[in-house]
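The block underneath contains the structure these notes are about, expressed in structure tokens.
First listed ligand is number 1; within each ligand, the first listed atom is number 1.
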Amino acid sequence: MPDQVVTRFAPSPTGFLHIGGARTALFNWLYARGRGGKFLLRIEDTDRARSTPEATAAILQGMAWLGLDHDGEVISQFERAPRHAEVALELLAQGKAYKCFSTQDEIQAFREAAQAEKRSTLFRSPWRDVDPATHPDRPYVIRIKAPESGETVIRDRVQGDVTIRNDQLDDMVLLRSDGTPVYMLAVVVDDHDMGVTHVIRGDDHLNNAARQMMIYQAMGWDVPVWAHIPLIHGPDGKKLSKRHGALGAQEYQAMGYPAAGMRNYLARLGWSHGDDEFFTDAQAREWFDLDGIGKSPARFDLKKLENLSGQHIAASDDAALQQEIQAYLAAADLPALTDTQSSDLERAMYCLKDRARTFPELLEKASFILATRPIEPDEKAAAALASVSDGILTELTPQLQNASWTRECLEEALNAFAEAHGTKFGKLAAPLRAALAGRAVTPSVFDMMLVLGRDESLARLRDAANAA
Ligand code: GLU
């Protein structure tokens, strides 16, 4: 086996990038990236009726959002059909495959007879061993000569050894009568030609592996390491489906989850590293291995995603967050931030990013910096303003006018003011919050004052006092 690890993601372009596909892509990406290997992308577009360029674009977009960069060109499986056919013809030339002239009716009749006689209904072609000189001039398919006895063992890195009796395998068609290759052949030829060393994919493909193995063996090719991962289930333990909510990876971008949080969460869906829940990309690359993949299906858990997402937002670099928020707004079809808003947001980021589980939550907390005067208080803020005696804000403003605009001085000034009014700062906080932000959920009053600056803060307090 060559030293360099080569993995691939091989989606069928029939829809968006779904959560399961995103996780498969991520596992392959982590495995390659953690080992200085290559991660390739092959679009399995042989089903012409169902494959669309829009779906390919959506898959690429989803991968780009998740930062799953691939090496080399995107490979189209359909375009490689001549090469797949060439391999079928090579097997034919070597006597490892044969031309089968049986018609659909004949195959059907074979099956019915087998059923009546209670024999296996696997089709056994009468053309397997006939002398080619006797071949008729009729359409034919090319079938592989499957081993007739013994066993095929799939050495799977997740499922363990999976043994299939060879008498349960039929002589699979490689090339149809119109000369087009079947999917199973295409996958093997592509994986071989692309130099794929490790195939990590959903366990719905485990049955295919036995049939794919026949082609590897007939061609004398190295079999890649296979790791068939259990499919993802919903919180109710049933296979993840539409009724469990959003299935498209990118829908999570539009809901405001950061890509790093999503990667962390997807990595934990079926893979574990001790008790580690939160980890960085660098740690994931270093830790990811096939041994950590579980045998039982992982359950999708939105709470856990939210939790990890919040931790990643808190841990992110401010400028990077600001950029990612812009991308989120575009994905959610919301108005972009102006240049001023962007730089204000970045300035305020330090006091916004803790305890925001998603970008909408962060932006809600950021409304004090994104809004311009006059600030419209929402219902809760209006109630907080109404609860304080009209004079208080009017009285406070000149006192703050003379305070040094530092956290310590502001704290001192506000505490002194509260004390002079026989109350605690906590009682003043709600109306101040309401005056400064027009909202009840905000960063601390001091952070807001520091970010807004003296003039803007005082102007907002005056506005609120005047409106009262
Ligand atoms: N195209 C297949 C799918 O989307 C993947 C095949 C493979 O990984 O071998 O499920």
Side-chain angles (χ1 to χ4, degrees), residues 5-32 37-63 66 68 70 74-81 83-84 87 154-159 162 172 174 180-216 219 221-232 239-241 247-249 266 269-270 290 293 297:
V5 164
V6 180
T7 63
R8 49 58 162 191
F9 177 47
S12 306
T14 54
F16 47 73
L17 176 66
H18 57 82
I19 288 291
R23 183 198 50 171
T24 300
L26 175 70
F27 279 18
N28 281 284
W29 181 82
L30 284 173
Y31 194 77
K38 284 194 174 151
F39 169 65
L40 309 180
L41 177 62
R42 176 173 79 232
I43 302 293
E44 302 212 315
D45 50 357
T46 50
D47 182 343
R48 302 313 282 167
R50 295 180 61 223
S51 302
T52 66
E54 292 75 23
T56 300
I59 290 167
L60 289 173
Q61 251 181 22
M63 289 176 70
L66 286 168
L68 306 180
H70 59 89
V74 180
I75 292 164
S76 153
Q77 187 161 67
F78 174 70
E79 283 172 18
R80 289 179 40 81
R83 167 68 183 143
H84 307 146
V87 171
I154 311 288
R155 302 211 179 284
D156 192 89
R157 286 293 303 275
V158 176
Q159 315 283 338
V162 181
M172 159 176 84
L174 298 176
T180 56
V182 300
Y183 170 69
M184 214 65 84
L185 173 65
V187 173
V188 173
V189 175
D190 288 347
D191 281 343
H192 171 265
D193 289 2
M194 289 159 69
V196 172
T197 59
H198 293 71
V199 171
I200 306 169
R201 62 185 175 191
D203 66 8
D204 48 337
H205 289 282
L206 186 60
N207 283 337
N208 292 345
R211 316 185 88 202
Q212 292 171 356
M213 182 91 128
M214 278 200 280
I215 305 174
Y216 279 106
M219 287 302 288
W221 289 341
D222 281 340
V223 178
V225 173
W226 272 314
H228 287 94
I229 54 183
L231 301 183
I232 301 169
K239 208 184 125 185
L240 196 65
S241 71
L247 280 186
L266 288 176
L269 265 185
L290 302 179
I293 299 176

Problem - P11 side chain near L41 side chain, heavy-atom distance below 4.5 Å - result: yes
Exercise for the section: Determine the interplanar angle of the F16 and H18 rings, folded into 0 to 90°, and report it as parallel if under 30°, tilted if 30 to 60°, perpendicular if over 60°. Expected result: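 The rings of F16 and H18 stand perpendicular, inter-plane angle above 60°.
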Practice task
List, ordered by chain and residue number, the protein residues whose closest non-hydrogen atom lies under 4.0 Å from any atom of ligand 1.
Solution key: R8, A10, P11, S12, E44, Y183, V187, R201, H205
Exercise for the section: Output yes when a side-chain donor or acceptor of D45 lies under 3.5 Å from a complementary backbone atom of S76, and no otherwise. Expected result: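 Absent.
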Practice task
State whether the number of non-hydrogen atoms from other residues, nucleotides or ligands found under 6.0 Å of R83 atom CZ is greater than 12.
Solution key: yes
Practice task
Among residues two or more places apart or on two chains, list those pairs meeting salt bridge (Lys or Arg N to Asp or Glu O under 4.0 Å) that have a residue in residues 6-25.
Solution key: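 Applying salt bridge (Lys or Arg N to Asp or Glu O under 4.0 Å) to every pair that reaches into residues 6-25, excluding sequence neighbours, yields R8-D191.
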Problem - D190 side chain to H84 side chain, donor-acceptor N/O pair below 3.5 angstrom - result: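 Side-chain D/A pair, D190 to H84: present.
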